[in-house]
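Sequence lines set the chain letters: A, B, ... in the order given, protein chains first and strands last, and positions in each chain run from 1.
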There are 2 protein chains.
Amino acid sequence: MTRREQIIKIAKIQFRESGYLSVSMRDLATILDIKAASLYNHITSKEEILEEIIMQAANYFTEEMNVIKSLESSSVDKLKAVIDHHIDITIRDPESIAILNNDWMYLEGKVLREFLSLRKAYEENLRTIIMEGVQKKEINPQNVEIILFSLLSTLRRLHSWYGKQNDLSEYQLKEDVPKILLNGIVSST
Amino acid sequence: MTRREQIIKIAKIQFRESGYLSVSMRDLATILDIKAASLYNHITSKEEILEEIIMQAANYFTEEMNVIKSLESSSVDKLKAVIDHHIDITIRDPESIAILNNDWMYLEGKVLREFLSLRKAYEENLRTIIMEGVQKKEINPQNVEIILFSLLSTLRRLHSWYGKQNDLSEYQLKEDVPKILLNGIVSST
DNA sequence: GTCTATACCCTGATAGAC
DNA sequence: GTCTATCAGGGTATAGAC
């Protein structure tokens with residue numbers, strides 16, 4: 001692992017734990033047992049670290065959404081694929097997901113605009129899936145925006161309930177989250 | 001309105017917009033058209049402002065939960081009451097809710113411990129309501145932790161979809177959010 | 001109650017020796 | 001590639017005049 005990769009690995013852990021603004025370059029350097037100035041031989045700025053972490057995750061979401069869009073499945077199966085994908089990436093890389101969701105607003109300029117564009121496109125694609133499901137009567141004819149909001153709110157916070165102590169297990173996430181999101185809570189009998 | 005109340009009112013708006021750490025005392029002072037030093041005649045520290053905003057909201061949640069606990073209703077009606085209450089307070093005071101959910105980790109010492117204690121008790125009470133609902137077969141026999149997580153994730157992010165432009169309306173929140181959270185998305189016909 | 005002036009600390013980042 | 005030394009700027013907060 002290169003020094004650069006080490007820096008980003010440590011930054012992921014620290015940013016997730018304390019937030020981007022609360023972690024200083026000196027903090028990162030101390031953990032790596034070097035001086036803060038030495039970090040700048042491997043990265044050009046603190047923000048560059050944030051950009052790399054967030055945009056890598058954002059691009060991954062975009063790619064997966066493009067795959068799901070082109071599936072020839074029912075709308076509910078597409079929704080299920082979106083949910084499964086969120087769960088998978090949350091289990092595999094909870095730090096990146098936490099940072100993407102908590103600290104994206106500290107991106108600047110062109111990168112911020114690019115991030116917002118990807119995010120908007122992702123939401124728009126998910127909205128389309130839901131709308132088609134309503135049209136085909138696979139999905140209850142309720143407010144599409146609320147369904148979108150409720151789904152994304154839960155999926156985007158998965159990281160905060162996974163990967164620490166006495167939290168949800170991988171099995172629980174994969175088995176029960178899709179059921180509850182799609183089928184609801186209240187018994188229909 | 002006293003100067004102190006003015007300071008807290010401005011702080012609520014700014015903290016919600018930019019985050020606690022990104023708003024400086026100089027920022028608050030500039031908006032009030034005074035110098036930063038003058039703020040300290042009305043408050044003792046920046047953190048005191050945060051504490052007042054968050055603990056007021058947290059105590060309010062606690063009081064409401066105590067009312068709901070003692071209702072003689074079905075578990076589903078209690079859940080509905082919890083959801084309605086979140087929606088009401090989000091509509092009435094979105095700034096406080098946003099700050100509570102985004103910036104509670106910047107509380108320190110005794111106040112932080114008090115906050116975490118209230119939060120834990122709130123979750124425990126909600127967990128009990130869900131468990132009783134499962135026992136009485138009002139609620140689907142699925143993982144209680146997942147139901148709790150999914151519900152709280154959505155309710156705690158309501159503020160981010162309300163109160164800016166082209167977002168959810170008050171009517172949409174009150175009408176559709178409870179339905180979707182309780183009854184799910186997928187058509188059961 | 002507000003001001004000016006300032007103390008003190010921490011931040012991201014750079015220059016240049018080794 | 002890491003170091004020491006340092007800079008410029010921003011942060012919270014205080015002292016004391018008015």
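When rounded to the nearest whole Å, the span between CG of B:Leu50 and P of D:dT12 equals 12 Å. When rounded to the nearest whole Å, the span between CG of B:Leu32 and P of C:dG1 equals 14 Å. If you take CD1 of A:Ile7 and C1' of C:dG12, they are 14 Å apart, rounded to a whole angstrom. Regarding A:Asp33, its CG atom lies at a distance of 17 Å from the P atom of D:dG1, rounded to whole Å. To the nearest angstrom, C1' of D:dT14 lies 13 Å from CD1 of B:Ile43. Rounded to whole Å, the distance from OH on B:Tyr106 to P on D:dT12 is 14 Å. One interatomic measurement links the two molecules: CG of B:Leu39 to C1' of D:dA13, which rounds to 11 Å at whole-angstrom precision. In this structure, CD of B:Glu108 is placed 12 Å from C1' of D:dT12, rounded to the nearest angstrom.
The residues B:Glu51 and B:Lys110 are annotated as not salt-bridged, no charged nitrogen and carboxylate oxygen being separated by less than 4.0 angstrom. Between A:Glu138 and A:Lys78 no salt bridge is recorded (no basic side-chain N to carboxylate O distance below 4.0 Å). Using a 4.0 Å cut-off between charged nitrogen and carboxylate oxygen, A:Lys120 and A:Glu123 do not count as a salt-bridge pair.
Of all nucleotides listed (C:dC3, D:dC3, D:dT12), D:dT12 comes nearest to the side chain of B:Lys46.
Using a 4.0 Å heavy-atom cutoff across all strands shown, A:Lys35 reaches at least one base atom of the nucleic acid. In this structure, B:Ala37 reaches the bases: a heavy-atom distance under 4.0 Å links it to at least one base atom across the strands shown.
Side-chain nitrogen and oxygen atoms of A:Ser38 include none within less than 4.0 Å of the OP1 or OP2 phosphate oxygen of D:dG1.
Between B:Tyr122 and B:His86, the angle of the ring planes goes over 60°, which puts this pair in the perpendicular group of the 30/60° scheme.
Between A:Pro141 and A:Val134 the shortest heavy-atom distance is CA-CG1, 4.1 Å.
How far CE of B:Met131 is from NZ of B:Lys136: 12.5 Å, rounded to the nearest 0.5 Å. The CD1 atom of A:Ile7 lies 10.5 Å from the CE atom of A:Met1; values are rounded to the nearest 0.5 Å.
Shown for residues 11-29 of chain A: no residue has heavy atoms falling under 4.0 angstrom of DNA chain D.
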